[in-house]
Amino acid sequence: MREFQFGTRTLDLSYTHVMGILNVTPDSFSDGGVLHNGGSVQLDKILIQAEKMIGDGATILDIGGESTRPGAVPVSLQEEKERVLPVIEKIAQEFDVVISIDTSAPELITEAAKLGAGLINDVRALGREGALEAASRTDLPVCLMHMLGSPATMQDRPEYADVLDDVSDFFAERVLACEASGIAKERLILDPGFGFGKTVEHNLRLMNNISQLHAFGLPLLIGTSRKSMLGAVLNREVDQRLAGGLATVVMSVMQGAAIVRVHDVKETADAVKMTRAVMAEAVIK
Ligand code: 9MG
């Protein structure tokens, strides 16, 4: 057992959990903003999708109101709050699931925690001014993701001395920064940030070496769902990348990932369960 506290809920991270992606943005790269009608969030549709994801096996739902796809333009804090906070409030009231708030904004971190979020998922690894302090005050766990640059420019010829070493150095620095701000190491989850300032070769090297990131002794979160690395290898459009994504899920499970972040929960939950059964040489209940 590796019990991890997500606000009021506890998950055993000794095996892989499925995190379902609920993008509440008009311009999500892979789901076309189906939960947002351009002017406002479609709360009824979001709740139906949340219920389906939970029924399909998601134990965590990641709710985000800012598109971080390559080239995305920043969203205002007001807009991000309007998109995300009603969704968190409603899901916290209706469902027994860990709610992850996908944001870098200190004010949103604070307000989401009050409404029932159980995890802070920050693609900027609490790098924004005030984010470390805001996260520290919530007592919630934090997923620190690696990104080189910013979403607007991150895919403009990213370079590393060695991507694995550079990502590890980044984690070492952010873990220390968290600890200095009162966020205990035991509250942290690490994510190498597939597609965030990385070429396809960088992504493949990371995928083949996820297990090296266990050196930090922290749970790992892996997100490859529908991403361009799959398109680059397979020459598939975004809606044709499920099989490739499941291959990376299997590799992540075999290398001990605690959480996989995906759009296609049902298929992923099956792939995770099958992989765990083989690893345990036993049928998983
Ligand atoms: C918000 N977001 C988009 N992709 C992601 C990934 O790979 N990991 C995490 N933690 N968040 C992500």
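Bear in mind the structure is a predicted one, so any value in this text is a computation, not a measurement. Ligands are counted one by one from 1 in listed order, and the atoms in each one are counted from 1 as well.
Hydrophobic clustering, defined by side-chain heavy atoms of Ile, Leu, Val, Met, Phe, Trp and Tyr closer than 4.5 Å, groups Met274 together with Val278.
Listed as neighbours of ligand 1 are Asp102, Asn121, Val123, Cys143, Met145, Asp191, Phe196, Leu221, Gly223, Lys227, Arg261, each bearing a heavy atom under 4.0 Å from the ligand.
Under the salt bridge (Lys or Arg N to Asp or Glu O under 4.0 Å) criterion, no residue pair touches residues 269-285, with sequence neighbours excluded.
Side-chain atoms of Asn23 and Thr25 form no donor-acceptor pair, as typed in the model, at a separation below 3.5 Å. Gln5 and Thr10 form a side-chain donor-acceptor contact under 3.5 Å, judged by distance and modelled atom types alone.
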For residues 130-144, run the donor-acceptor check on the side chains, cut-off 3.5 Å, and write out each pair with its distance to 0.1 Å, sequence neighbours left out.
from, atom 1, to, atom 2, distance (Å)
Ser136, OG, Ser181, O, 2.7
Thr138, OG1, Ala135, O, 2.6
Thr138, OG1, Leu140, N, 3.1

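The aromatic rings of Phe6 and Phe4 sit tilted relative to each other, their planes meeting at an angle between 30° and 60°.
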